[in-house]
Amino acid sequence: MTDHRTTETLRRALRSEVPSTVALLADEEDFTTMRQYGTFAFDDHTRYLAHVEELLRTLAAEGGPTTLALFDPEEFADYCADTGLDPDHPTSRGRYTAERAATGARLAYTGQPLATLVPALVDTAVRRATWEYATMLLTDAGTCADCGKDIGHASFERASRLLVRLLDTAGPGTHHLVCSVPAGDEQLLAVLHTSRDTTGPARLDSSEGAEFVTVLATGIALGTPGGVVLRTHAPDAPARLHGWRLHQGRLHPLTEAEVFDAYCTDARTGEPISPEPGVDYRAGFPLTPDDDDTHPH
């Protein structure tokens, strides 16, 4: 009896060190695609999500670290074609989850409801795809015909300096920055949240910072007409909105009227939108370039 209890205790201890990854079919379209496989047991997406949530709770109760990833049916089919696996087999889905999905966008499960976790996971996947695509564009930008510098590297350095100037000049408060850059048929978007008190530099998430700089650098490298907006919240003061236009590798301040128009005009219809209460629409502040920022590459 003692040996049995000892064995069970050791198994539980070992289980607490073994990670689990659950790959989720987040939307109805992906779920429908998987129904072509006879070994896929589910026929209702809502019931499927309920079973996934129950599985997550069971795995978490066993003590091991559990993460949630996205299951991409198209990528799964390519994976099976590349590896010679039968896509209509549970083992193949398990191997795909372990080898591909587990290395992609994922979030740790700590008891959150699936309704909260899924949008966050999708957002993480979109951010990761944006960062990877922007990184590829920077890598492929080549060298400058005038100075011989690597355009992607030089653009990343310039974007980093611009971000530092933005945050230094914005001053204390909680800051929300958005950078939007067109790249071919894609619209790259990066969001950055920072905070800064009256002393010390701004505090920001390193991955968000890298994504923001990479997207801004892509606009600089491609010479596309992007933009940056900044929303600042400070105690006992209205929120402030500032904006800049990206042109020839530099951020040019928008006027107060341009910032107001950008936020108070429906992008699809062109109709005016009521301004937000408690928000000051302000011109972008100047960002003085250094010597390295004057050459457009």
Which residues pass the salt bridge (Lys or Arg N to Asp or Glu O under 4.0 Å) test with [X], sequence neighbours left out?
X	answer
Glu99	Arg95
Arg282	Asp280
Glu256	none
Arg203	Asp197

Between the OG atom in Ser20 and the CG atom in Leu55, the distance rounded to the nearest 0.5 Å is 8.0 Å
Checklist line | Flag side-chain contact, heavy atom, 4.5 Å: His175 against Ser195 | finding: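 A side-chain contact is absent here, since even the closest heavy-atom pair is not under 4.5 Å.
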When clusters are formed by joining ILVMFWY residues with side-chain heavy atoms under 4.5 Å apart, either directly or through shared neighbours, do [X] and [Y] land in the same one?
X	Y	answer
Leu107	Trp131	no
Leu192	Val164	no
Phe42	Leu68	yes

Strictly by modelled atom types, are Glu211 and Thr130 linked by a side-chain donor-acceptor pair under 3.5 Å?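 There is no such pair between these side chains.
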With sequence neighbours left out, the residues meeting side chain to side chain contact (heavy atoms under 4.5 Å, CB included) with Pro90 are Thr39, Arg93
For Thr139, the side chain to side chain contact (heavy atoms under 4.5 Å, CB included) test, sequence neighbours excluded, returns Thr135
Ring pair (Phe, Tyr, Trp, His ring centres under 6.0 Å) filter on Phe71, not counting sequence neighbours, yields Phe76, Tyr96
Which residue pairs satisfy the salt bridge (Lys or Arg N to Asp or Glu O under 4.0 Å) criterion with at least one member in [range], sequence neighbours excluded?
range	result
residues 107-125	none
residues 166-192	none
residues 215-234	Arg231-Glu276

Using a 3.5 Å distance criterion without hydrogens, assess whether the side chain of [X] forms a donor-acceptor pair with backbone atoms of [Y].
X	Y	result
Trp244	Phe285	yes
His242	Ala283	yes
Thr116	Gln112	no

(request) Just grab all the side chain to side chain donor-acceptor pair (under 3.5 Å) pairs involving residues 43-58, residues at least two apart or on different chains. (result)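 Side chain to side chain donor-acceptor pair (under 3.5 Å) check on residues 43-58 returns no pairs.
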Going by chain and number, the hydrophobic cluster around Val191 (ILVMFWY, side chain to side chain under 4.5 Å) further includes Val178, Leu189, Val229, Leu241, Leu254, Val259, Phe260, Tyr263, Val279, Tyr281
